Amino acid sequence: MHDPLFWALLGFAFATSVTPGPNNAMLTASGANFGFRRAVPHMLGIILGFPAMVLAIGLGLGAVFTALPWLHLALKYIGAAYMLYLAWRIATAERGKGAAAAKPISFFEAAGFQWVNPKAWIMGVGALAAYTVPEAPVWSEAARVAGAFVFSGIISSVLWCGFGVAIGKLLTSDRAFRLFNYGMALALAASLIPIFIL
């Protein structure tokens with residue numbers, strides 16, 4: 001397939017998916033706290049949830065936010081509150097005796113998180129603006145962009161979760177484990193700063 005725009009889209013999707021952000025911080029924490037197998041629903045929520053959001057934006061949701069700017073602002077604050085809740089979950093995750101009560105982020109939580117993740121919105125809107133052509137059907141262009149993010153999401157999710165699993169094996173003491181969780185929670189909370197600066 002010789003489609004320079006598509007290859008550029010794949011490069012963009014991979015570069016933006018694999019770089020640090022809220023999803024990757026949470027996947028690293030999930031891998032370290034729960035192992036790869038228990039983090040699979042979390043990974044699938046990102047892999048399928050983000051492209052679903054891209055499709056919705058491509059098919060007209062962006063116009064709704066333009067017409068109703070208050071809705072976008074409300075989503076921003078709801079998203080910030082949800083991200084702080086997830087940061088708290090990461091910070092308070094336990095292993096050992098208390099670990100049975102702890103649960104990894106579910107498929108629906110991860111998929112729903114995409115709608116309030118500021119990096120996801122920037123990636124989705126940016127890809128739809130830069131890598132679609134106006135003369136092609138809107139649905140096929142949106143599907144193409146979403147498909148590129150499914151592909152890059154699989155690679156990125158496996159890499160970051162695997163990285164977390166490797167880190168989890170190095171955390172031999174409860175203190176090191178707690179410090180790691182606090183650090184990941186802080187990184188997730190810090191990702192909120194650009195939302196309120198921009």
Side-chain angles (χ1 to χ4, degrees), residues 12-31 33-34 39-93 102-130 142-143 145-150 152-154 156-157 160-161 164 181-198:
F12 174 84
F14 180 74
T16 54
S17 295
V18 82
T19 52
N23 277 325
N24 295 335
M26 290 190 305
L27 280 174
T28 302
S30 282
N33 285 289
F34 305 109
V40 167
H42 184 174
M43 287 189 281
L44 289 174
I46 294 168
I47 292 166
L48 300 175
F50 176 65
M53 185 188 87
V54 168
L55 267 175
I57 295 169
L59 296 176
L61 184 64
V64 172
F65 288 131
T66 301
L68 304 170
W70 64 267
L71 187 59
H72 185 264
L73 186 63
L75 189 64
K76 184 178 187 176
Y77 285 102
I78 291 167
Y82 188 58
M83 285 175 74
L84 289 174
Y85 163 72
L86 292 173
W88 173 80
R89 274 184 61 182
I90 291 169
T92 58
K103 292 182 192 174
I105 293 170
S106 72
F107 172 86
F108 291 108
E109 287 175 312
F113 176 70
Q114 304 318 301
W115 293 88
V116 295
N117 178 356
K119 183 182 175 188
W121 279 94
I122 292 166
M123 290 166 52
V125 171
L128 288 163
V145 172
F149 279 108
V150 169
S152 64
I154 291 168
S156 175
S157 295
W160 281 97
C161 187
N181 280 348
Y182 293 155
M184 295 310 295
L186 187 60
L188 182 58
S191 71
L192 288 169
I193 294 170
I195 299 173
F196 296 101
I197 291 175
L198 301 176

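Model, not experiment: these values are computed from the prediction. Sequence positions, counted from 1, serve as the residue numbers for this chain.
- Under the 4.5 Å side-chain criterion, counting only non-hydrogen atoms from C-beta, I47 is not in contact with F50.
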Legend entry - Chi angles and distances behind the side-chain contact (heavy atoms from CB on, under 4.5 Å) call for I154, M43: CA-CA 8 Å; I154 291 168; M43 287 189 281; over 6 Å; no

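- When side chains are defined from C-beta on, Q114 does not count as touching V54, because their heavy atoms never get closer than 4.5 Å.
- Rounded to the nearest 0.5 angstrom, F107 CZ and I46 CD1 are separated by 10.5 Å.
- With hydrogens and angles disregarded, a donor-acceptor distance shorter than 3.5 Å links the side chain of T19 to the backbone of T16.
- Between the side chain of N33 and the backbone N or O of P104 there is no donor-acceptor pair closer than 3.5 Å.
- Between A185 and A87, the closest heavy-atom pair is CB-O, 3.1 Å.
- Remark: I90 CD1 to M26 CE distance equals 6.5 Å, nearest 0.5 Å.
- The backbone N or O of W115 lies less than 3.5 Å from a partner atom in the side chain of W121, making a donor-acceptor pair.
- The OG atom of S156 sits 7.0 Å away from the CG atom of L27 when rounded to the nearest 0.5 Å.
- In terms of heavy-atom proximity, A148 sits nearest to A13 at O-CB, 3.9 Å.
- Rounding to the nearest 0.5 Å places CG of N117 at 5.0 Å from CG of N23.
- In this structure, F34 and H42 have side chains that are not in contact, with every pair of non-hydrogen atoms separated by 4.5 Å or more.
- The side-chain heavy atoms of F12 and F149, taken from C-beta on, include a pair separated by under 4.5 Å.
- The two residues A146 and L55 have their closest heavy-atom pair at CB-CG, 3.9 Å.
- Here the straight-line distance linking atom OG of S157 with atom CG of N24 works out to 7.0 Å at 0.5 Å rounding.
- W160 contributes a side-chain N or O that, together with a main-chain N or O of V18, makes up a donor-acceptor pair within less than 3.5 Å.
- L186 pairs by the side chain to side chain contact (heavy atoms under 4.5 Å, CB included) definition with nothing, not counting sequence neighbours.
- Using a 4.0 Å cut-off between a side-chain N of Lys or Arg and a carboxylate O of Asp or Glu, K103 and E109 do not qualify as a salt bridge.
- Side-chain contact annotation: S152 with S17, donor-acceptor N/O pair under 3.5 Å present.
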